[in-house]
2 protein chains.
Amino acid sequence: MTRELTVGEVAKRSGVAVSALHFYETRGLIRSHRTEGNQRRYSRDVLRRVAILKVAQDVGISLADIADAFASLPDGRTPTREDWTRLSTAWKADLDHRIRQLQKLRDGLGDCIGCGCMSITACPLRNREDRLAAKGPGAHRLVVQ
Amino acid sequence: MTRELTVGEVAKRSGVAVSALHFYETRGLIRSHRTEGNQRRYSRDVLRRVAILKVAQDVGISLADIADAFASLPDGRTPTREDWTRLSTAWKADLDHRIRQLQKLRDGLGDCIGCGCMSITACPLRNREDRLAAKGPGAHRLVVQ
DNA sequence: CCTTGACCTCAAGTTAAGTTGAGGTTGTAG
DNA sequence: CTACAACCTCAACTTAACTTGAGGTCAAGG
């Protein structure tokens, strides 16, 4: 019952495609070992990894950043409660930050988009507009759902 | 002083690259008219459009969706306060929704990632895990910063 | 007039996060 | 022992949102 899982089983249980699991593996997000016949076998905690991966991804964290966070998890053994807690703490700060940003935006929009305040210097949107000039052309922005 | 703007000026003021402005134009997000010598000229309200575009993009709204929203803006004339307010209202609902989702996630993570509750059926993460199987392989997810 | 910087178009390249397909192997059920 | 589903690898394709480059035009200063 606490048998190891095949890719197909993990795919079914976690809701991601087999090809996505292969891909995550190349990115170091999950690991597996192989049977005699070269087929992947996963230990059960891969399910938790994938679940957390998806949740993080949904809130706009890139796979690269998730990989960085996962790097703090132990390599050889199944993560303990403490290991996950460390991650949780890191995520929580990030989520708090994102929530604050969204709230700022929502409130800024409520006050500003329709208010005609583009002409006054106090408007967040207007500020944004002229301040960002410094950033100039840069790298691609990420994409998230 | 209320002269029209060149691409370079808009780029500098709005903090996006000239190439990005060209690109937005092909996507119908902004418009310009041409001088005798075929150079673009923008009316001042393009600055507001771009500012809002970037803000919306930052919170994870795709250009396609932004274009949809912008489609409700008047074609010929400069948008009025009412026009922007309509947009603002649409954004606000979306932002509220996103904020609620993030909060749910943050709280869920706080309770769940480190709690070892993967084994009990009440855990949001665990539920997510097995419920999503229905979705199966699907379209790409978007990417946003 | 000529140079120099800003513009123009169009095609091709880039990154993220996967998917799709071809060609071949494994494992299990009948 | 033979189907047939599930697995394997590797290369190529996809989408979003741009950037980069090539090859050529426009405009303002000296």
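In what follows, chains carry the letters A, B, and so on, assigned in the order in which the sequence lines appear, proteins first and then strands, with residues in each chain numbered from 1.
Annotation for T26(A) and F23(A): closest pair OG1-O, 2.7 Å, computed over non-hydrogen atoms. Annotation for V18(A) and G8(A): closest pair CG2-CA, 4.3 Å, computed over non-hydrogen atoms. Nearest approach of A11(A) to A17(A), heavy atoms of both residues: CB-C, 4.3 Å.
Rounded to whole Å, atom C1' of dA16(C) lies 7 Å from atom CZ of F23(A). dC18(D) atom P lies 11 Å from atom CD1 of I30(B), rounded to whole Å. Put simply, CG on L21(A) is 14 Å from C1' on dA6(D), counting in whole angstrom units. What separates CD of E4(A) from P of dG27(C) is a distance of 14 Å, to the nearest Å. Look at CD on Q57(B): it is 7 Å from P on dA17(D), rounded to the nearest Å. R27(B) has its CZ atom 12 Å from the P atom of dT15(D), to the nearest Å.
Two residues are said to be in side-chain contact when any heavy atoms from C-beta on lie closer than 4.5 Å; T6(B) and R41(B) meet this criterion.
Nearest to the side-chain atoms of T35(A) among the listed nucleotides dG27(C), dA17(C), dT19(D) stands dG27(C).
Legend: residues meeting side-chain hydrogen bond (donor to acceptor under 3.5 Å, both in side chains) with S72(A), ordered by chain and number and at least two apart, are absent. Take E9(B) and apply the salt bridge (charged side-chain N to carboxylate O under 4.0 Å, His left out) test, not counting sequence neighbours, and it matches R3(B).
For Y24(A) and dA17(C), the shortest distance from a side-chain N or O to OP1 or OP2 is not below 4.0 Å.
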Heavy-atom contacts, protein to nucleotides 6-11 of chain C, under 4.0 Å, summarised as B (base), S (sugar-phosphate only) or - (none) per nt, yield -SSB--

